[in-house]
Amino acid sequence: MLNFFKKNAALIWAKKHVQKAEDFKKNAEKNQENLLLSLVNTAQKTLFGREHDFENIHSVKEFQSKVPVADYEDLKPYIERVKKGQANILWTDTPEYFAKTSGTTSGSKYIPISKEGMPFQIAGAQSALFHYISKKNNADFVNGKMIFLQGSPELEEVFGIKTGRLSGIVAHHIPNYLQKNRLPSWETNIMEDWEAKVDKIIEETEHENMTLISGIPPWLIMYFEKLTEKHGKKSNSFFRISNLLLPEG
C-alpha cells in the first residue's frame, strides 16, 4: 500500500511540476529578467553591488554594461574576504556553504552557496526526475533502491562556513522520502579512498534492486567498469536501472 501511494503521489507531483515548467517557458525571457533584477536589487548594498552600481541597473542591457564577464580569478579577491567571515561582499550575508572544487585552473576554488540558493541545487535533480516520470507516465523506480555516487558528506569549516564537495553538501538535503531507499551507507560514503569506496559500494548494491543511479559521470563509469570486471560479463542481471541521472558534481 505504501509503495502504491508513493508511486501515485510521484505521478501527481510530476504532472504539476511539468505544467508549471511549461508555464514558465511561455514567458521565459521576461521571467529570467525579473529574477535577475530581483537579485540585483537585493545585492545593491553589497561591496560588489556598490562597485558595479547595482542601484542604477533596471534592465538586462544596463546590467551587461556595468558588470563585465568575469572568471574565478576576477572574483577571487571578493571570495577571500567572504572566507574570512565578512558579510555583504557578494551577497547580503555570509554563504551557508562553500562548494570546494579542484579544477584544472586556479587551483582549489571555493564557490559560495547562499541559503537562498541551496534549494535550487536539489530542485534541478527533482525537475529531471519529474520530467522523466511525466514523459514515461511511470514512477516505478521510486519504490526501488537508489545509488548516489558522491563525494564525502563530511564537511570541514572555513572560518565557520561548512565546506566540501557540492555532491557531499547536497547529500545533507536529500528529501526524507528518499532516505530509506538510498545507498550506499553513510559509513561507505565518507570513505576517502575512492578505489576502496567503489569496491564497498559494489558490495552493498550488487544484489539489490537498483532503479536509479545518480552521480558524477566519471565515477559512474568506474562503478560500472568495476562491476563488469568483478562478474566478467556485461548484462542487466544484477541491476534493473530504469533511469540514469547525470547531474554536475
Side-chain angles (χ1 to χ4, degrees), residues 1-18 21 99 118-155 164-192 194-228 230-231 234-249:
M1 177 63 73
L2 179 60
N3 286 348
F4 176 81
F5 173 78
K6 285 173 62 178
K7 175 182 174 180
N8 282 277
L11 285 166
I12 293 170
W13 291 341
K15 297 295 183 183
K16 288 182 177 179
H17 174 85
V18 171
M118 191 63 222
F120 291 94
Q121 301 291 337
I122 305 300
Q126 288 178 327
S127 181
L129 293 177
F130 282 147
H131 276 80
Y132 170 86
I133 292 170
S134 179
K135 180 73 173 179
K136 298 294 185 180
N137 197 35
N138 186 330
D140 288 342
F141 73 85
V142 301
N143 292 320
K145 295 291 185 180
M146 307 177 188
I147 312 178
F148 296 92
L149 297 183
Q150 60 188 60
S152 173
E154 286 193 321
L155 307 177
R165 285 184 174 272
L166 179 58
S167 57
I169 293 170
V170 169
H172 293 271
H173 295 266
I174 292 175
N176 289 333
Y177 64 85
L178 293 180
Q179 292 288 1
K180 291 183 179 180
N181 296 51
R182 177 185 172 193
L183 288 173
S185 64
W186 176 273
E187 291 74 19
T188 297
N189 263 335
I190 64 176
M191 293 174 64
E192 292 295 338
W194 181 245
E195 292 281 341
K197 181 174 180 175
V198 174
D199 289 337
K200 187 64 176 176
I201 291 173
I202 289 174
E203 181 183 320
E204 291 186 8
T205 60
E206 61 184 323
H207 299 299
E208 297 285 351
N209 175 33
M210 309 308 305
T211 55
L212 182 147
I213 182 167
S214 169
I216 300 169
W219 293 0
L220 293 175
I221 292 170
M222 182 184 295
Y223 172 75
F224 283 114
E225 286 178 343
K226 278 182 168 286
L227 187 66
T228 300
K230 180 175 180 178
H231 293 282
K234 295 181 179 180
S235 73
N236 291 325
S237 59
F238 300 100
F239 293 87
R240 295 187 293 278
I241 299 174
S242 63
N243 185 64
L244 181 61
L245 175 62
L246 302 175
E248 293 185 8

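Just so you know, these numbers use all the heavy atoms, side chains as well, and skip hydrogens, waters and symmetry mates.
Nearest heavy atom pair, residue Asn189 against residue Pro153, reads O-CD, 3.5 Å. Leu149 and Trp219 make their closest contact through CD1-O, 3.8 Å (heavy atoms, listed as atom of the first residue, atom of the second, distance). Here the closest non-hydrogen pair linking Leu227 and Ile202 is N-CD1, 3.6 Å. In this structure, Gly164 and Ile169 approach most closely via the heavy-atom pair O-CD1, 3.6 Å. Minimum heavy-atom separation, Glu187 to Ile190: O-CG1, 3.3 Å. Shortest non-hydrogen contact noted between Ser134 and Lys15 is O-NZ, 3.3 Å.
Note that CE of Met118 is 6.5 Å distant from CG of Leu166, once rounded to the nearest 0.5 Å. The distance from the CD1 atom of Ile213 to the CG atom of Leu183 is 11.0 Å, given to the nearest 0.5 Å. With rounding to the nearest 0.5 Å, the separation of CG in Asp140 from CG in Leu11 is 8.5 Å.
Within a 6.0 Å radius of NZ in Lys16, other residues, nucleotides and ligands contribute 12 heavy atoms or fewer. Within a 6.0 Å radius of NZ in Lys230, other residues, nucleotides and ligands contribute more than 12 heavy atoms.
Checked by atom type and distance alone, the side chain of Ser167 pairs as donor or acceptor with a backbone atom of Gly151 at under 3.5 Å. The main-chain N or O of Phe224 is found under 3.5 Å from a side-chain atom of Thr228 such that the two form a donor-acceptor pair. Judged purely by atom type and a 3.5 angstrom limit, Glu204 uses its side chain to pair as donor or acceptor with the backbone of Ser185.
When side chains are defined from C-beta on, Lys200 counts as touching Met191, because their heavy atoms get closer than 4.5 Å. Side-chain contact between Gln150 and Val170 is absent, with no heavy atoms from C-beta onward closer than 4.5 Å. Looking only at side-chain heavy atoms (C-beta outward), Phe141 and Leu129 come within less than 4.5 Å of each other. Using a 4.5 Å heavy-atom threshold, the side chains of Glu208 and Ile147 count as separate. Under the 4.5 Å side-chain criterion, counting only non-hydrogen atoms from C-beta, Asn209 is not in contact with Lys145. Contact of the Trp194 side chain with the Met222 side chain is registered, since non-hydrogen atoms from C-beta on lie closer than 4.5 Å. Inter-residue side-chain proximity for Asn143 and Thr211 is flagged as unmet; no heavy-atom pair is nearer than 4.5 Å.
Among pairs with a residue in residues 209-226, those fulfilling salt bridge (Lys or Arg N to Asp or Glu O under 4.0 Å) read Glu195-Lys226, Asp199-Lys226, at least two apart in sequence or across chains.
The aromatic rings of Phe130 and His17 sit tilted, their planes meeting at an angle between 30° and 60°.
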| task | Evaluate the criterion side chain to side chain contact (heavy atoms under 4.5 Å, CB included) for residue pair Ser152 and Arg165; output intermediate values, then yes/no. | result | CA-CA 7 Å; Ser152 173; Arg165 285 184 174 272; over 6 Å; no
